[in-house]
Each structure stands twice: as structure tokens, then as C-alpha cells.
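Note sheet for the following structure.
Each ligand, and each atom within it, is numbered from 1 in the order the structure gives. For clarity, every value in this text was computed on a predicted model and none was experimentally measured.
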Amino acid sequence: MIVTRFAPSPTGFLHIGSARTALFNYLFAKHHNGKFLLRVEDTDQARSTEETKNAIISSMEWLGLQWDQEIVYQSARAQRHKEAAQNLIEKGMAYYCFSTQEEIEIARNQAIASGASFIFQSPWRDADPSTYPKNQKPAIRLKVPKTGQTITHDLVQGDVKVENEHIDDIILLRSDQTPTYMLAVVVDDHDMGITHIIRGDDHLTNTPKQILLYQAFGWDVPQFAHIPLIHGPDGAKLSKRHGAVGVEWYKDAGYLPEAMCNYLLRLGWSHGNDEIISRTEAIEWFDIDHIGKSPSRLDFQKMNNINGHYIKVADNEYLSNIIINELKADPESSEYIKQGMNSLKTRANVLTELVNLGKIYLINQAIEISADAQEVINTTDNAFIDEITQLILA
Ligand code: GLU
């Protein structure tokens, strides 16, 4: 059975790039009648609060990306991670390293000064345990092979080769006994039975290290698919500078979750020239082969058009209720809003626009008259305006 996962680190909001990663994992799993699991990587205690975790969960729910089984919280698995590291020590695949941060810094500075690239060679790799210092907590490092290559057979990027001599002995457990990301991610993915890891290509450089870890444990290596990141409209990697990076922002700005998912799907994956793709079609059609190999750019115009489409086909009752609630419309105005919905919804691309347009039906509220409209009124014969008014009210 195919099992995928989405493994966000809570930062306070769900980045739309991460939302797309979650969507791809969801669709891939559903396409194969597999499972889509959610693991919250909350090991950074300072950043992982109830609030930051909930922000992710509520955005996932809003997007309709329902995960299977219970959420796995990585922080709850620290003991398992520790035991796994110990297990590698016992198998002779890892070692205790007593080098301090200062010693590593000195070695790094020396390498840089001599123009060499820096790969830390721990003097403890083959040390005799009788030489271990007392009263000093060691880190645990993986014994990365000194020769050979590690190849990632990536389903999007193709084969990516790295010489093992360019990989340092990965820290698995820090000297304060906390597991590193590299250890936790491999142990968790293994224990959760993950078969396919679809994630942003910013993780591609971590992958050989993770493959080496799987091999050290003697576990099956999952399949990897690293997807290019989303860039802003200016072509630069999407960042807070671009403004709208969190899913929550889109929700507040009046985008519909179906439209967001449709837009994010098309951003980086294609099915011929199809632009409007329902959830059912997406599940039926999704594959890794049609994931694009170059970064995609956010295009708000396109997103607005797609959202406009979903507003047009949305249920009138559903849309009317949103406007009525938002405007706190009285029953009589609410009736007008419902009657006018067929026409209103053809003119709005986002819900906030629809709400604005709906204001025209509020009977107890003066209509805001724009400067342009005021100009027309001022220069038009009052008798003519009266005539029009009578016609409308008739
Ligand atoms: N928690 C990592 C992140 O948010 C993802 C880990 C992974 O997908 O392997 O970047």
C-alpha cells in the first residue's frame, strides 16, 4: 500500500508552498488508494506552541486535505529516536563523539583559511572507549562510509549522485540528548511505513544523508520526489517579502478552498491544457510524471480567474449566507441578496468583492457613492433620475 505524509514544522502559518506539498502527497495517496498521514515536526519547543500547531491543522482542514489516522507529533517520539541512535552504536554503525562546538569551529576556520572545503573529521570515530572523557556527554554521529557514492533516484529530478567523502558524519543525537532532524525524520518515516516522500527540493541535499541512515538501520529506502519551489511573481523564491505566503491570508482575502487547491495543483503539475480540475478529477489524474521540473511563479491574475470560476459555480445559498453573515443583513435585505445572487456572482473574483457588491441590497444602509458616480449625478437632470428611480422600483 502506498503511504505518503506531510511533515510540517509549525511556524505560525501554513506556507502555500507547503500547502501544495501537502496537496500532492494527498492526491498521490488517494490516487493509489493509499494513506496520507500528517506528522507535525514540533521538536523546536520555542516555535511549537498550541497556536502554531493549530494554525497548520486548521488550514489543512480548510483546504479539505483530510489526513488518515491520528496526527503524529514528533516531540512525543524523542525516546524512540534516542533508542534508534543507541541501536546504531550497538551495531557499530555510529559512534560517540566528544568534540566540542569550539573544536569544530577551530577545525572549520583552519580549513577555510587554507582554502579547503570543510568536512569535519571527528577524532572519536575509531577511538577506543577506554579513552572516552568522564563527565562529558557525547553526541552520537553516523559512521558515513569514506568511499563510494550515494545515489538518490528521484522521481522528479532523476538520479542525483554524491560522493560519500563529501558527506560529514551526520549528528544523530546532540550532546544534550535531543535528536536531530536527520535522525527523527528517518525513524519516523520508517515507523509510519512511508513509501513515498514528496517534498520541496530544498530538502534534496538532505536526502543522501537520510538514505545513508536507512542503509545503516537496514531499512527499505522510500521513493523520493523533490518538487521545485514556488517563486513569487518576480521570479524570486517566495518569501514573506511577497506578502501573501500563508494559506490563512488567502482565506481571509476571500478565496475558496476548492479554488486554492485547483490553483496550487496547476502550479507545478499539468494535465494537458486543463485549468479547472475538480477534486475527483485531480485524484483520478494525479501522477508524479507530470510534475514540472522548474520553479513555478505565483500569478495572482490566474488565481483570481480560477477563484472567479469557483464563485460562479458555487451554490447560491452558500454564497448568500456568507454575504448575509458578513454584512449582518436584516431579513428583508437578505432576501434581496438571495434574489440578486445569480447576477452578483458573475461580477466577483473573490468573496470580499462579492460582499462589497452585496452592499447594494442593504435597505437600511446608505449606498457609498463614488466620486465618478457623484459627478454623473451632479450633471444629470433630476427629472431623468426620478424617472429611472420609478422604473427600478416598479
Ligand atoms: N519539517 C520539514 C519542513 O517543514 C519537512 C521534513 C520533510 O519533509 O522531510 O521543512
Side-chain angles (χ1 to χ4, degrees), residues 2-29 35-49 52-57 59-60 63 65 67 71-78 80-81 84 142 150 152-157 160 170-172 178-214 217 219-230 237-240 245-248 264 268 288 291 295:
I2 283 186
V3 186
T4 64
R5 50 60 162 190
F6 174 51
S9 307
T11 54
F13 64 91
L14 181 62
H15 189 284
I16 56 162
S18 305
R20 188 188 57 168
T21 300
L23 175 69
F24 284 10
N25 278 287
Y26 171 90
L27 294 175
F28 187 70
K35 282 192 178 152
F36 167 64
L37 309 184
L38 176 59
R39 179 174 73 238
V40 177
E41 303 210 320
D42 56 345
T43 47
D44 180 346
Q45 295 296 340
R47 296 179 93 186
S48 306
T49 58
T52 58
K53 290 184 218 176
N54 287 339
I56 290 180
I57 294 168
S59 287
M60 291 283 287
L63 290 168
L65 300 177
W67 55 92
I71 300 176
V72 173
Y73 289 96
Q74 193 162 58
S75 60
R77 296 178 41 82
R80 162 72 178 134
H81 301 144
L142 183 72
T150 298
T152 307
H153 301 291
D154 194 90
L155 298 173
V156 174
Q157 315 277 342
V160 183
I170 307 148
I171 299 183
L172 306 178
T178 56
T180 58
Y181 155 72
M182 221 55 88
L183 173 69
V185 77
V186 168
V187 173
D188 291 350
D189 282 334
H190 168 75
D191 289 1
M192 290 164 74
I194 304 302
T195 59
H196 290 73
I197 295 178
I198 306 172
R199 59 185 175 188
D201 67 9
D202 49 338
H203 283 291
L204 189 59
T205 50
N206 291 330
T207 311
K209 299 182 180 182
Q210 293 171 10
I211 291 176
L212 286 165
L213 249 175
Y214 279 100
F217 281 116
W219 294 337
D220 286 344
V221 181
Q223 304 253 38
F224 290 96
H226 286 92
I227 54 180
L229 300 181
I230 298 179
K237 191 180 146 190
L238 192 62
S239 70
K240 279 196 177 151
V245 289
V247 168
E248 192 78 358
L264 289 174
I288 290 181
I291 291 178

Short N or O separations between ligand 1 and the protein, below 3.5 Å:
{"residue": "ligand 1", "atom": "1 (N)", "partner": "Ala7", "partner atom": "O", "Å": "2.7"}
{"residue": "ligand 1", "atom": "1 (N)", "partner": "Ser9", "partner atom": "OG", "Å": "2.9"}
{"residue": "ligand 1", "atom": "1 (N)", "partner": "Glu41", "partner atom": "OE1", "Å": "2.6"}
{"residue": "ligand 1", "atom": "4 (O)", "partner": "Ser9", "partner atom": "N", "Å": "3.4"}
{"residue": "ligand 1", "atom": "4 (O)", "partner": "Ser9", "partner atom": "OG", "Å": "3.3"}
{"residue": "ligand 1", "atom": "8 (O)", "partner": "Arg5", "partner atom": "NH1", "Å": "2.7"}
{"residue": "ligand 1", "atom": "9 (O)", "partner": "Arg5", "partner atom": "NH2", "Å": "3.0"}
{"residue": "ligand 1", "atom": "9 (O)", "partner": "Tyr181", "partner atom": "OH", "Å": "3.0"}
{"residue": "ligand 1", "atom": "9 (O)", "partner": "Arg199", "partner atom": "NH1", "Å": "2.6"}
{"residue": "ligand 1", "atom": "10 (O)", "partner": "His203", "partner atom": "NE2", "Å": "2.9"}

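Using a 3.5 Å distance cut-off with no hydrogens or angles, the side chains of His81 and Asp188 do pair a donor with an acceptor.
In terms of the side chain to side chain contact (heavy atoms under 4.5 Å, CB included) criterion, Thr205 has no residue partners (sequence neighbours excluded). Taking the side chain to side chain contact (heavy atoms under 4.5 Å, CB included) definition, one finds that Asp191 meets it with Arg77, Arg80, Val187, sequence neighbours left out.
Note on residues 2-22: pairs passing side chain to side chain donor-acceptor pair (under 3.5 Å), not counting sequence neighbours, are Arg5-Asp189, Arg20-Ser296.
Here the rule is ring pair (Phe, Tyr, Trp, His ring centres under 6.0 Å) with Phe36, and of Tyr26, Phe28, Phe24 only Tyr26 fits it.
With Glu248 contributing its side chain and Ala55 its backbone, the two residues share no donor-acceptor pair below 3.5 Å.
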